[in-house]
Amino acid sequence: MATEALLKVCNLTKNYNDTPDSENILDNMNFSINEGDFLSILGPSGCGKTTLIRCICGFESYEGEILVDGKKVTKPGMDRMMVFQSFDQLYPWKTVRGNIEYPLKKMGIRDKAELTKIVKKHLELIGLSGYEDFYPHQLSGGMKQRVAIARALALRPRIMLMDEPFAALDAMTRNKLQRELHEIAEKEKLTVIFITHNIQEALVLGTRVMLMSKHGELKIDLENPIPKPVTPASPGYGELWKKFEDALEG
Ligand SMILES: Nc1ncnc2c1ncn2[C@@H]1O[C@H](COP(=O)(O)OP(=O)(O)OP(=O)(O)O)[C@@H](O)[C@H]1O
Ligand SMILES: [Mg+2]
């Protein structure tokens with residue numbers, strides 16, 4: 001029996017209609033992903049990547065259909081969690097613990113022991129055990145992104161939507177977080193859509209890699225053939241990197 005796709009994007013069209021002659025940002029876009037896919041999306045600046053995941057997240061109106069588990073997306077929901085590029089996505093007045101607990105409480109989890117257990121598990125997962133009582137201003141950029149990931153993961157979303165979450169980090173921290181995210185995704189069997197400008201990052205993380213161009217056209221959409229862990233020394237890496245580089249420039 002064929003497995004039903006977890007996410008289906010059918011004839012997705014998005015126009016912000018902000019000027020009389022505004023164009024469609026996404027024009028009849030179609031793709032689907034299965035449970036456990038780690039989809040990296042590359043694309044030039046302004047091609048509509050953020051618009052796409054904002055639509056999937058339920059932050060934007062759109063034409064066409066976006067289905068998660070067969071249900072049409074009409075508003076944000078706990079089944080779709082977004083992690084952004086900005087270091088400012090945490091509540092600055094709440095501690096690390098408070099940041100992770102807040103959406104869980106909103107979901108109705110009130111039991112203190114249960115909350116403590118969830119916070120502990122997710123801080124361990126992202127390597128921040130012991131930082132429960134720190135405030136965001138006491139953390140580095142990389143640590144803040146880890147907390148944002150932990151907060152999203154703790155809600156057990158069906159899909160994690162990540163919009164360039166490592167773009168503002170230094171190269172060393174970025175590589176480290178890529179490796180860790182890959183390990184977490186495997187361990188927790190996550191389904192992820194990960195937007196990036198960085199071909200290396202897309203290849204290291206993605207089980208599938210797409211290249212989007214203007215209006216949501218998919219110039220490349222392939223299963224990543226390179227076995228994990230992917231490094232620049234992996235056989236086939238150079239050819240694949242060049243394929244994406246050429247397509248991004250062309
Ligand atoms: N709220 C908005 N209102 C009107 N136009 C918008 C809005 N948000 C984005 N756009 C336009 O939609 C287009 C795509 O923007 P989007 O942010 O989705 O691109 P992107 O691929 O994420 O770019 P980048 O790689 O630079 O983040 C751009 O032309 C942008 O000006
Ligand atoms: Mg963007």
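Position 1 is the first residue of the sequence; numbering continues from there. Each ligand, and each atom within it, is numbered from 1 in the order the structure gives.
Heavy atoms of H197 come nearer than 4.0 angstrom to ligand 1 in at least one pair.
For R54, no heavy-atom contact with ligand 1 is shorter than 4.0 Å. Contact annotation: for E164 versus ligand 1, heavy atoms closer than 4.0 Å belong to the side chain alone. Here D18 has side-chain heavy atoms under 4.0 Å from ligand 1, and that is the only part of it that gets that close. With a heavy-atom cut-off of 4.0 Å, T51 touches ligand 1 through backbone and side chain alike.
For the pair R97 and Y131, the cation-pi criterion (under 6.0 Å, within 45° of the ring axis) is not fulfilled.
Here the straight-line distance linking atom CD of E35 with atom CG of D69 works out to 7.5 Å at 0.5 Å rounding. If you take CG on L181 and CZ on R146, they are separated by 11.0 Å, rounding to the nearest 0.5 Å.
With hydrogens left out, the protein atom closest to atom 12 (O) of ligand 1 is I25 CD1, 3.3 Å, a heavy atom. For atom 26 (O) of ligand 1, the closest non-hydrogen atom of the protein is S45 OG, 2.5 Å. Atom 17 (O) of ligand 1 has T50 CB, 3.7 Å as its closest protein atom, hydrogens excluded (heavy atom only). With respect to atom 1 (N) of ligand 1, the closest heavy atom belonging to the protein is Y16 CE2, 3.6 Å.
A donor-acceptor contact shorter than 3.5 Å links the side chain of H215 to the backbone of N24. Under a 3.5 Å cut-off, the side chain of E63 and the backbone N or O of D27 do not form any donor-acceptor pair. No donor-acceptor distance shorter than 3.5 angstrom exists from the side chain of R54 to the backbone of E60, with no hydrogens or angles considered. Without hydrogens or angle criteria, S22 side chain to Y16 main chain gives no donor-acceptor distance under 3.5 Å. In this structure, the side chain of S234 does not engage the main chain of Y237 through any donor-acceptor pair within 3.5 Å. K8 places no side-chain N or O within donor-acceptor distance of the main-chain N or O of I66, the cut-off being under 3.5 Å.
Protein heavy atoms are found inside the 4.0 Å sphere centred on atom 9 (C) of ligand 1. Shown here, atom 5 (N) of ligand 1 is in close reach of the protein: a heavy atom of it lies under 4.0 Å off.
The nearest non-hydrogen atom to atom 25 (O) of ligand 1, considering only K214, K14, K49, H215, comes from K49. Closest heavy-atom approach to atom 14 (C) of ligand 1 within the set C55, A167, G216, G46: this belongs to G46.
Environment of NZ in K228: crowded, with over 12 heavy atoms of neighbouring residues, nucleotides or ligands closer than 6.0 Å.
The Mg ion (ligand 2) has no N, O or S atom of Q85 inside 2.8 Å of it.
By the 3.5 Å distance cut-off applied to N or O atoms, C47 is counted among the residues near ligand 1.
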